[in-house]
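So the structure is just underneath, and the comments pick up after that.
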There are 2 protein chains.
Amino acid sequence: MKIGQATIKDIARELNLSASTISRALKDYPGISEETKKKVKEVAEKMNYRPNAIALSLRKSRSFTIGVIIPEVVHFFFSTVISGIEEVAFSRGYNVILTQTNEKIEREKSSINTMLSNQIDGFMVSFSKETEDFEHFSKLIEQGYPIVFFDRVPDIPHAINVMVDDYQGAYDATSHLISQGYQKIVHLSGPKNLKISHERARGYTDALKNHGIPVRPEYIVESAVGTPDEGKEITKKLLSSLPDLPDAFFGNNDMAAVGAMLACKEHGLRVPEDVGIVGFSNWQFCSMIDPSLSSVFQPGFAMGAKATEVLLDIIEKKIDVDDFNSPIVLETELMVRNSSKRIFK
Amino acid sequence: MKIGQATIKDIARELNLSASTISRALKDYPGISEETKKKVKEVAEKMNYRPNAIALSLRKSRSFTIGVIIPEVVHFFFSTVISGIEEVAFSRGYNVILTQTNEKIEREKSSINTMLSNQIDGFMVSFSKETEDFEHFSKLIEQGYPIVFFDRVPDIPHAINVMVDDYQGAYDATSHLISQGYQKIVHLSGPKNLKISHERARGYTDALKNHGIPVRPEYIVESAVGTPDEGKEITKKLLSSLPDLPDAFFGNNDMAAVGAMLACKEHGLRVPEDVGIVGFSNWQFCSMIDPSLSSVFQPGFAMGAKATEVLLDIIEKKIDVDDFNSPIVLETELMVRNSSKRIFK
DNA sequence: TCAAGCTATTCAAACGTTTGCACTTTTTTC
DNA sequence: GAAAAAAGTGCAAACGTTTGAATAGCTTGA
């Protein structure tokens with residue numbers, strides 16, 4: 001049978017003291033005699049006293065809990081972000097309550113509501129693919145709720161955004177392919193409503209331009225879902241329909257890239273000899289497949305950690321919301337592997 | 001500026017009614033006139049009233065929150081479990097607070113403490129590799145805290161365990177290898193203190209025995225960490241030291257199996273012609289690597305969902321703790337892919 | 001001797017809900 | 001037309017904690 005946790009009142013009764021004295025004694029407040037403090041602490045220990053965080057939250061209107069809203073948990077990149085969030089939150093004494101939206105805006109909204117009900121101290125959000133209207137976030141910001149966006153960030157006033165340098169990552173990846181002698185580079189792009197998709201596409205385009213390679217619209221194809229199957233299908237179609245066969249694929253994510261790789265292999269093309277491939281995100285499997293997949297590393301853990309640091313600093317008023325007029329951008333790193341190495345030294 | 005959320009008192013003041021009436025009106029309690037109910041609800045709507053879950057928790061000694069303690073978030077299998085947990089919890093109106101132990105028993109214990117402080121309604125636990133003494137869990141069970149273990153389950157009285165049929169999965173995998181003509185099958189086993197490791201090893205051993213193949217102790221090697229690198233190293237050593245070369249590897253997990261595959265390839269062995277390989281867990285990358293990796297599918301999502309159902313049923317007293325005298329076991333499924341297909345039909 | 005000044009402690013209200021009970025007021029019943 | 005029943009609402013306590021203000025019991029000093 002669950003024994004009701006000992007409370008301050010129980011200790012008070014035991015020692016014939018008032019609740020306030022117990023509270024202060026436990027907190028080492030001045031004005032309590034050393035003797036009393038000692039006794040109180042002993043009894044607390046003996047009774048296995050554990051402060052009731054709920055009561056504390058009610059009193060202080062602070063829950064020491066942050067809410068994380070994420071599209072999917074079963075996603076390598078996001079899981080690394082969660083890990084970073086959890087790590088920092090734990091070390092600073094906060095709880096993390098987690099919900100996934102499964103890319104549905106309705107779940108996003110309802111999660112916000114339950115979290116508000118739960119008096120969360122702040123939000124960390126990466127919004128869903130369905131989200132095109134940011135009204136529900138703007139309202140929160142206006143009302144002064146601490147909220148930090150990561151990875152998928154909105155373009156709205158006063159939003160605090162932590163992101164990866166998608167533009168540079170894509171630029172590097174594309175430049176690398178060019179440097180390896182690939183010229184006809186296809187970009188499998190991401191969903192149109194995500195800023196990260198645009199940034200990556202822009203990096204790709206700029207790299208081509210800066211190397212004097214014409215940008216062909218038919219070489220930019222949307223791979224919105226981001227599964228290997230989708231990438232494979234799209235690539236297959238391209239290979240059988242394009243008059244001028246591409247010699248490289250730059251995927252907006254690793255899944256699409258791996259799909260492209262499979263399609264190329266099936267089409268009898270050798271990777272990297274005939275076709276070069278680079279992905280984005282550097283999922284675990286990149287080094288396990290054959291040929292190993294070059295990819296742009298996104299620092300997910302660091303992103304989660306940094307975003308949480310910022311959120312907690314805001315919550316604790318160590319920094320001011322207005323200090324952020326531009327996003328916090330983390331560096332990517334191109335991991336060159338065999339799928340794009342054509343020039344051997 | 002954050003506007004203090006409207007409370008029941010605010011509505012009461014607005015309508016010149018008492019807090020109790022508001023509370024009852026909002027809950028459609030009998031004994032409140034339809035007219036009042038209507039007015040109250042309108043005003044609540046207008047003031048954007050949102051019940052304070054913290055106050056409710058304090059009053060009811062129920063937080064509608066469950067605590068999940070998991071070894072790692074960045075782990076395909078566990079992330080699918082979390083997803084299942086989150087899904088069921090959300091649909092039944094519960095929050096999920098998540099902590100990862102990073103395989104450290106100290107974090108496990110301290111997580112339990114903060115969760116207890118937070119008046120969590122119940123626990124879901126998969127313990128760390130370091131955990132060998134289950135005292136801290138036994139105590140919780142004795143005190144009547146609802147707690148459900150999943151995947152890594154303890155062998156202690158009254159524990160409610162949800163697990164996968166590791167024995168059968170391993171048995172199937174090994175039998176499959178035998179049916180494909182492999183005879184000298186190495187098992188890369190898991191950490192010794194996890195029951196799942198024993199079960200998988202037992203399935204492997206029994207399959208050999210039942211097919212009249214002698215079990216050789218030197219063919220069972222511990223791959224405790226479970227990374228591709230470790231699997232690769234171990235396999236390399238085996239290939240260069242064993243006088244009688246093995247012709248198959250059954251990995252306790254996919255990472256070890258992939259390591260074995262890489263080592264075999266480097267050693268000039270062809271997969272599956274010379275060596276057959278089967279993993280365990282069916283991680284996403286299994287179908288993406290070349291050759292694709294056969295693996296035992298573990299229903300992670302279903303496990304998380306089932307475990308949560310049970311936990312919530314216990315919390316809500318829909319079922320009794322004593323109804324569980326044996327673990328809930330979920331079926332595995334062998335996914336045969338190219339890494340172990342030697343007999344072509 | 002007594003006001004002043006400490007020290008150690010207690011009181012009481014507050015955070016936002018819920019809920020058993022009591023209290024009005026209205027309606028029904030005979 | 002008076003008593004009984006019903007309907008609608010309010011009071012107050014409780015959940016566990018914190019905290020400003022109040023109080024009690026000392027010691028000190030002139």
Side-chain angles (χ1 to χ4, degrees), chain A residues 2-41 43-44 47-65 93 114-121, chain B residues 2-41 43-44 47-65 93 114-121:
Chain A
K2 179 151 78 183
I3 299 145
Q5 259 299 316
T7 71
I8 278 192
K9 288 184 186 174
D10 296 326
I11 303 178
R13 204 173 306 121
E14 179 84 10
L15 287 170
N16 256 316
L17 286 170
S18 74
S20 18
T21 305
I22 309 300
S23 172
R24 291 196 245 252
L26 288 171
K27 297 259 146 105
D28 273 332
Y29 261 55
I32 302 287
S33 72
E34 283 308 321
E35 200 195 331
T36 307
K37 281 186 189 172
K38 189 155 158 278
K39 270 194 300 184
V40 168
K41 285 178 185 171
V43 174
M47 297 178 87
N48 194 23
Y49 169 73
R50 192 174 282 121
N52 183 322
I54 296 285
L56 228 162
S57 296
L58 184 60
R59 183 75 229 275
K60 303 238 172 178
S61 308
R62 294 262 286 105
S63 63
F64 285 95
T65 301
T114 53
M115 287 185 176
L116 285 175
S117 257
N118 280 277
Q119 314 298 115
I120 242 79
D121 290 344
Chain B
K2 180 151 80 183
I3 299 145
Q5 259 299 313
T7 72
I8 279 191
K9 287 183 188 174
D10 297 326
I11 304 179
R13 205 172 308 122
E14 179 85 11
L15 287 170
N16 257 317
L17 286 170
S18 73
S20 21
T21 303
I22 309 300
S23 172
R24 288 192 252 252
L26 289 171
K27 296 261 146 101
D28 273 331
Y29 262 53
I32 301 289
S33 72
E34 284 307 321
E35 201 197 329
T36 308
K37 281 187 190 173
K38 188 155 158 278
K39 268 194 300 183
V40 168
K41 285 179 185 170
V43 174
M47 299 179 86
N48 194 21
Y49 169 74
R50 194 175 281 122
N52 182 322
I54 296 285
L56 229 162
S57 296
L58 184 60
R59 182 77 230 273
K60 303 242 173 174
S61 308
R62 295 262 285 102
S63 63
F64 285 94
T65 301
T114 52
M115 287 185 178
L116 285 175
S117 258
N118 279 277
Q119 312 300 111
I120 241 80
D121 290 343

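So that the names make sense, note that chain A is the first sequence line, chain B the second, and so on, each numbered from 1. What you are looking at is a predicted structure, and each value in this text was computed from that prediction instead of being measured.
- The interatomic distance linking B:L58 (CG) with C:dC15 (C1') rounds to 9 Å, in whole Å.
- When distances run from any side-chain atom of B:R59 to the nucleotides D:dG10, C:dT19, D:dT18, the shortest one goes to C:dT19.
- Counting to the nearest Å, the P atom of D:dT17 and the CZ atom of A:F64 are 15 Å from each other.
- Between the CD atom of B:E34 and the P atom of D:dA7 there is a distance of 13 Å, given to the nearest Å.
- Here the side chains of A:I32 and A:K27 are not in contact, with every heavy-atom distance at 4.5 Å or above.
- In the set C:dT19, C:dT17, D:dT18, the nucleotide with an atom closest to the side chain of B:I8 is C:dT17.
- In this structure, A:Y29 reaches the D:dT19 phosphate: one of its side-chain N or O atoms is under 4.0 Å from OP1 or OP2.
- The phosphate of C:dT19 (OP1 or OP2) has a side-chain N or O of B:K60 nearer than 4.0 angstrom.
- Within 4.0 Å of B:P51, counting heavy atoms only, lie sugar-phosphate atoms of the nucleic acid but no base atom.
- Nearest heavy-atom pair, B:A19 versus B:I8, reported as atom, atom and distance to 0.1 Å: O-CG2, 3.6 Å.
- Expressed to the nearest 0.5 Å, how far OG of B:S23 lies from CG of B:L17 amounts to 12.5 Å.
- Note on A:K60 versus A:D121: no salt bridge recorded, every NZ/NE/NH1/NH2 to OD/OE distance being 4.0 Å or above.
- One atom, NZ of B:K39, and another, P of D:dG8, lie 13 Å apart when rounded to the nearest Å.
- Nearer to the 5' terminus of DNA chain D, by closest-nucleotide assignment, is the contact made by B:R24 (compared with the other of A:I54 and B:R24).
- Separating the CD atom of B:Q5 from the C1' atom of C:dC15 is a distance of 14 Å, rounded to the nearest angstrom.
- Checked against D:dC11, C:dC15, C:dT10, the side chain of B:S20 finds its nearest nucleotide in D:dC11.
- Going from atom OG of A:S33 over to atom NZ of A:K39 covers 7.5 Å, rounded to the nearest 0.5 Å.
- The distance between atom CG of B:L116 and atom P of D:dG16, rounded to the nearest whole Å, is 15 Å.
- Counting only heavy atoms from C-beta on, B:L56 has its side chain closest to C:dT18 among C:dT18, C:dG16, C:dT9.
- In this structure, A:N16 places its CG atom 15 Å from C1' of C:dA8, rounding to the nearest Å.
- We find that CG of B:N118 is positioned 20 Å from P of D:dC15, with the value rounded to whole Å.
- Closest to the B:T7 side chain, of the nucleotides C:dT9, D:dG16, C:dT17, is C:dT17.
- Phosphate proximity of D:dT19 to A:K27: absent, as no side-chain N or O sits under 4.0 Å from OP1 or OP2.
- A close approach under 4.0 Å does occur between a side-chain nitrogen or oxygen of B:T21 and OP1 or OP2 of D:dG10.
- As judged by a 4.0 angstrom heavy-atom cut-off over every strand, A:T36 is placed among residues touching the sugar-phosphate backbone only.
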